[in-house]
**Q** 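Here's a structure for you.
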Amino acid sequence: MPNQAAPALDQNHAFPGKTYAEVVLSPAYDHAKEQLLSPMLDIHRAHLIMLREQLLIDEQDADAIGRALQALDAERLRTASYTGEFEDLFFEVEQELHLLAGEAAGNLHIGRSRNDMGIAIYRLTLREKLLHTLESALFLEEHLLQFARSHVDTIMIGYTHTQQAQPTTLGHYTAAVSDSLSRDIRRLQNAYANCNRSSMGAAALTTSGFPLNRQRMAELLAFDGLIENAYDAVSGADYVGEIATVVQLAAINLGRFIQELLLWSTQEFAVLQVAAPYVQISSIMPQKRNPVSIEHMRSLLSSCVGLTQTVLSMIHNTPFGDIVDTEDDMQPYAWKSLAVLSSVYRLLANVIATLSINKEALEARAEASFSTVTELADTLVREEKLSFRTAHHIVSASVRKALANGNDKRFLTLGVLNESALEVIGRKLSFNEEKLALALNAKHFVQVRTLIGGPNAKEVERALNGQTQRLNDDNAWLTDKRRAIRAAQEDVARELQKLFL
């Protein structure tokens, strides 16, 4: 390895220090030009309109500033590199506007601060990323529901404590995953509601002596309302903390499902086969079909949890005051966590849509297993008028006897059941072979569970209809939010045209 140069103290005593620029200012500049420039310019335009409507600047200044904003070369700024000539992108944009509009540009900063403006920029940025993630989540939910509908009759064993528990269906299981995802969607929507509030007009932390119109600023930027207390507007970090928490929980929830998909794709479980576009081969073992796409999703979701934990750790013990400088370092972790979650949602939707399911093996496994014996105990309660605990003892003893002969439900015969009944209640049962076969049948087990939330096919269909309606409502919510943002942008464009003399 080549020798690395030993660290040395900066020799330049003027701002910015070389190491400070390398470690902090240059990365922050790069993030700002890529992510924050557009919302910064949106705020400039909205603030200009509000100032003119409030008669805080005259027509000539409004015209000059408006034309400068129109002429600003945003694409050049997006490809620029940090030079240290300006502290950050905000001051570089301010200088560009001064060059284009002259002294009038200085009035664009009437009644505002880097504090309220910075928080608004971050909220606008996160708002868009939340909507993108929500769109991906809804895309996944749509494909989960399609998959569930196609498997309402696919019998399988459900597991508790990683042990065979009771028969259910793949549709019932997938509907549970979809319900869990829908709660994550609801939490993301709630996080959006708390994020989509305007800090503008809070200025540094005490508002302004100028007669600003905070509500008009919120309207022009498509915020749903104000962060009313000015101190809270510039110091509260819970909006990004809430997003990080919601994303973390969503990643953890989805990771549990991903882990099961990996197990189910093994030859031992033999539940499913991942489609060719989403598997990779081995360099040495010709038989391998590695479900690497699912493995990547598992690791990406773990990285998502780590990114969100970084956000929460960075907020911890931050003083209750202006935290914009801290957010320069923190926000990219929130952005990336949302991007990772969104990408996994989209990839998983495609994997789910192309899975092959071994229906015959699943049903055969359920029929051969002892997972149906809960229904046998229930039947003894109904037919023999026994307490459930007594029925449980009889069936438990019968299962032990059957297991001694082999791990197959066929060994749980009427003779074994009556032998156990004699031991527990001192008499044989009035059961016959037909009743026993029905009580041990996996399809029958599923069919009789018609309660709300059960695996009966009609009940699962009813639940999926409700989930589909919820999905439609959530898609409408997403459309409405994007429509509101577009409408505000169009309103700003119209109002800017009015400013030109």
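Index from 1, following the sequence. Just so you know, these numbers come straight off a predicted model, no measurement behind them.
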**Q** Students often mix this up, so state it plainly: with edges at 30° and 60°, are the rings of His31 and Trp335 parallel, tilted or perpendicular?
**A**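 If you compare the ring of His31 with that of Trp335, the planes turn out perpendicular.
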**Q** Would you tabulate the side-chain donor-acceptor contacts of residues 271-287 under 3.5 Å, counting partners in other chains and residues two or more places apart, or write 'none'?
**A**
from   : atom 1 : to     : atom 2 : distance (Å)
Ser282 : OG     : Ile284 : N      : 3.1
Ser282 : OG     : Met285 : N      : 2.9

**Q** Do the side chains of Val492 and Asp42 get nearer than 4.5 Å, heavy atoms only?
**A**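 The answer is no, as the side chains (C-beta and beyond) never meet within the 4.5 Å cut-off.
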**Q** Please list all pairs passing the salt bridge (Lys or Arg N to Asp or Glu O under 4.0 Å) test where one or both residues lie in residues 179-195, with sequence neighbours left out.
**A**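 The answer is Asp179-Arg470, Asp184-Arg187, Arg186-Asp474.
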**Q** Taking only Lys NZ, Arg NE, NH1 and NH2, and the carboxylate oxygens of Asp or Glu, determine whether Glu367 and Arg410 approach each other closer than 4.0 Å.
**A**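 Answer for the salt bridge query: no.
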**Q** Could you pull out the closest heavy-atom pair between Ala46 and Leu220, with the gap in Å?
**A**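 Here Ala46 and Leu220 meet closest at O-CD1, 3.5 Å.
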**Q** Any side-chain heavy atom of Leu89 within less than 4.5 Å of one from Tyr82?
**A**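 They are not in contact (no side-chain heavy atoms under 4.5 Å apart), so the answer is no.
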**Q** Taking atom OG1 of Thr468 and atom CD of Glu141, what is their separation to the nearest 0.5 Å?
**A**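 One finds 8.5 Å between OG1 of Thr468 and CD of Glu141.
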**Q** Does any pair with a residue in residues 441-481 pass ring pair (Phe, Tyr, Trp, His ring centres under 6.0 Å), and if so which ones, sequence neighbours excluded?
**A**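 Non-adjacent pairs meeting ring pair (Phe, Tyr, Trp, His ring centres under 6.0 Å): Tyr192-Trp477.
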**Q** Could you check whether any side-chain N or O of Arg483 sits under 3.5 Å from a backbone N or O of Leu478, counting only pairs where one atom can act as donor and the other as acceptor?
**A**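 Pair absent, no side-chain N/O of Arg483 close to backbone of Leu478.
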**Q** Please report the closest heavy-atom contact between Ala366 and Ser369, naming both atoms and the distance.
**A**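 For Ala366 and Ser369, the tightest heavy-atom pair comes out as O-OG, 3.0 Å.
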**Q** Charged N to carboxylate O below 4.0 Å: is that the case for Arg449 and Glu459?
**A**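 Not counted as a salt bridge, because no side-chain N and carboxylate O are separated by less than 4.0 Å.
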**Q** Hey, does the side chain of Thr379 reach the backbone of Glu375 with a donor-acceptor pair shorter than 3.5 angstrom?
**A**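 Side chain of Thr379 to backbone of Glu375, a donor-acceptor pair under 3.5 Å: yes, one is there.
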**Q** Give a yes-or-no answer on whether the side chains of Arg365 and Asn358 include a donor-acceptor pair shorter than 3.5 Å.
**A**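 The answer is no; no qualifying pair exists.
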**Q** Backbone N or O of Tyr231 within a donor-acceptor pair of the Ser235 side chain at under 3.5 Å?
**A**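 Such a contact is found between Ser235 side chain and Tyr231 backbone.
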**Q** Considering residues, nucleotides and ligands other than Tyr333, do more than 12 of their heavy atoms fall under 6.0 Å from its OH?
**A**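 No, the 6.0 Å shell around OH holds no more than 12 heavy atoms from other groups.
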**Q** Could you check whether Asp224 pairs with Lys481 (Lys NZ or Arg NE/NH1/NH2 to Asp/Glu carboxylate O, under 4.0 Å)?
**A**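 Yes.
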**Q** Would you find a donor on one side and an acceptor on the other, under 3.5 Å apart, between the side chain of Thr206 and the backbone of Ala202?
**A**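 Not a single qualifying donor-acceptor pair exists.
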**Q** Kindly indicate whether the side chain of Met330, heavy atoms from C-beta on, has any atom under 4.5 Å from the side chain of Thr318.
**A**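 Heavy-atom side-chain distance check fails, nothing below 4.5 Å.
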**Q** Could you pull out the closest heavy-atom pair between Ala148 and Leu464, with the gap in Å?
**A**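 Nearest heavy atoms, Ala148 then Leu464: CB-CD2, 3.8 Å.
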**Q** Taking C-beta and beyond as the side chain, do Asn213 and Met217 meet within less than 4.5 Å on heavy atoms?
**A**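 In short, these two side chains do not touch, never coming nearer than 4.5 Å.
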**Q** Taking the six-membered ring of Tyr239, is the NZ or CZ of Arg123 close enough (under 6.0 Å from the centre) and on axis enough (within 45°)?
**A**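 Relative to the ring axis of Tyr239, which defines the angle, Arg123 lies inside both limits.
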**Q** Indicate yes or no: at least one non-hydrogen side-chain atom of Leu254 is less than 4.5 angstrom from one of Gln259.
**A**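 No - every pair of side-chain heavy atoms lies 4.5 Å or more apart.
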**Q** Just by distance, do the side chain of Ser342 and the backbone of Leu338 share a donor-acceptor pair under 3.5 Å?
**A**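 Side chain of Ser342 to backbone of Leu338, a donor-acceptor pair under 3.5 Å: no, none is there.
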**Q** Can you name the nearest heavy-atom pair linking Asp116 to Ser199, along with the distance?
**A**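 So the minimum-distance heavy-atom pair works out to O-OG, 2.6 Å.
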**Q** Please determine whether a side-chain nitrogen of the Lys or Arg among Glu135 and Arg482 lies less than 4.0 Å from a carboxylate oxygen of the Asp or Glu.
**A**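 Counted as a salt bridge, because a side-chain N and a carboxylate O are separated by less than 4.0 Å.
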**Q** For Thr372 and Ala442, which heavy atoms make the closest approach, and how far apart are they?
**A**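 Where Thr372 meets Ala442 most closely, the heavy atoms are CG2-CA, 3.7 Å.
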**Q** Closer than 4.0 angstrom, basic N to acidic O: yes or no for Lys33 and Asp88?
**A**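 No, no charged N to carboxylate O under 4.0 Å.
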**Q** Please tell me whether Thr390 and Ser387 have a donor and an acceptor in their side chains that are separated by less than 3.5 angstrom.
**A**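 On atom types as modelled, these side chains qualify, holding a pair under 3.5 Å.
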**Q** Could you tell me the separation between the CZ atom of Arg78 and the CG atom of Asp30, rounded to the nearest 0.5 Å?
**A**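 Output value for this atom pair is 14.0 Å.
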**Q** Are Glu461 and Lys458 ion-paired here, with the side-chain N under 4.0 Å from a carboxylate O?
**A**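 Looking at Glu461 and Lys458, the cut-off is not met.
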**Q** In Å and rounded to the nearest 0.5 Å, what is the OG to NE2 distance from Ser343 to His132?
**A**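 The NE2 atom of His132 is 8.5 Å from OG of Ser343, to the nearest 0.5 Å.
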**Q** Can you tell me if Asn456 uses its side chain to pair, donor with acceptor, with the backbone of Gln447 under 3.5 Å?
**A**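 A pair under 3.5 Å: yes.
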**Q** Are any non-hydrogen side-chain atoms of Ser420 and Lys401 less than 4.5 angstrom apart?
**A**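 Yes - at least one pair of side-chain heavy atoms lies under 4.5 Å apart.
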**Q** Donor-acceptor pair, Thr308 side chain versus Cys304 backbone, under 3.5 Å?
**A**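 At least one qualifying donor-acceptor pair exists.
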**Q** Would you say Gln469 and Asp473 are linked by a side-chain donor-acceptor pair, where the criterion is simply a distance under 3.5 Å?
**A**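 Looking only at side-chain atoms, Gln469 and Asp473 do form a donor-acceptor pair, the distance falling under 3.5 Å.
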**Q** Between Lys443 and Asn441, is there a side-chain donor-acceptor contact under 3.5 Å, judged purely by atom types and distance?
**A**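 No donor-acceptor contact under 3.5 Å links the two side chains.
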**Q** I'd like to know if the side chain of Asn115 reaches the main chain of Ala204, judged simply by a donor and an acceptor atom lying under 3.5 Å from each other, with no hydrogens or angles considered.
**A**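 Side chain of Asn115 to backbone of Ala204, a donor-acceptor pair under 3.5 Å: yes, one is there.
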**Q** Please identify each residue that fulfils ring-ring contact (aromatic ring centres under 6.0 Å, His included) with Phe139, with sequence neighbours left out.
**A**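 Testing Phe139 for ring-ring contact (aromatic ring centres under 6.0 Å, His included), a comparison that skips the adjacent residues, returns His143.
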**Q** Name every donor-acceptor pair, under 3.5 Å, that has one atom in a side chain of residues 159-171 and the other anywhere in the protein, sequence neighbours excluded.
**A**
from   : atom 1 : to     : atom 2 : distance (Å)
Gln166 : NE2    : Thr374 : OG1    : 3.1
Thr168 : OG1    : His172 : ND1    : 2.7
Thr169 : OG1    : His172 : N      : 2.9

**Q** Quick one: closest heavy-atom pair of Thr154 and Ser150, and the distance?
**A**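 For Thr154 and Ser150, the tightest heavy-atom pair comes out as OG1-O, 4.4 Å.
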**Q** Any chance the rings of Trp264 and Phe257 have centres within less than 6.0 Å?
**A**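 Not under 6.0 Å, so no.
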**Q** Salt bridge (Lys or Arg N to Asp or Glu O under 4.0 Å): which pairs involve residues 252-263, sequence neighbours left out?
**A**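 Non-adjacent pairs meeting salt bridge (Lys or Arg N to Asp or Glu O under 4.0 Å): zero.
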**Q** Is there a side-chain contact between Leu412 and Phe370, using heavy atoms and a 4.5 Å cut-off?
**A**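 Leu412 reaches Phe370 side chain to side chain.
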**Q** Is it the case that over 12 heavy atoms from other parts of the model lie below 6.0 angstrom from the NZ atom of Lys435?
**A**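 More than 12 heavy atoms, drawn from other residues, nucleotides or ligands, come within 6.0 Å of this atom.
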**Q** Mark yes or no for whether Ser26, through its side chain, and Glu22, through its backbone, hold a donor-acceptor pair below 3.5 Å.
**A**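 Here the side-chain-to-backbone pair does not exist.
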**Q** Taking His393's backbone N and O only, do any of them form a donor-acceptor pair with Ser396's side chain (distance below 3.5 Å, no angle check)?
**A**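 Checked: no pair found.
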**Q** Report the distance from atom CD of Glu242 to atom CG of Leu188, rounding to the nearest 0.5 Å.
**A**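 Those atoms lie 9.5 Å apart.
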**Q** With a 6.0 Å cut-off (strictly less than), is the heavy-atom count around CD of Glu228, excluding the residue itself, greater than 12?
**A**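 Not more than 12 within 6.0 Å, no.
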**Q** Quick check: are there more than 12 heavy atoms from other residues, nucleotides or ligands sitting under 6.0 Å from NE2 of His151?
**A**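 Yes.
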**Q** Less than 4.5 Å apart, any side-chain heavy atom of Leu140 and any of Leu144?
**A**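 The answer is yes; the side chains approach within 4.5 Å.
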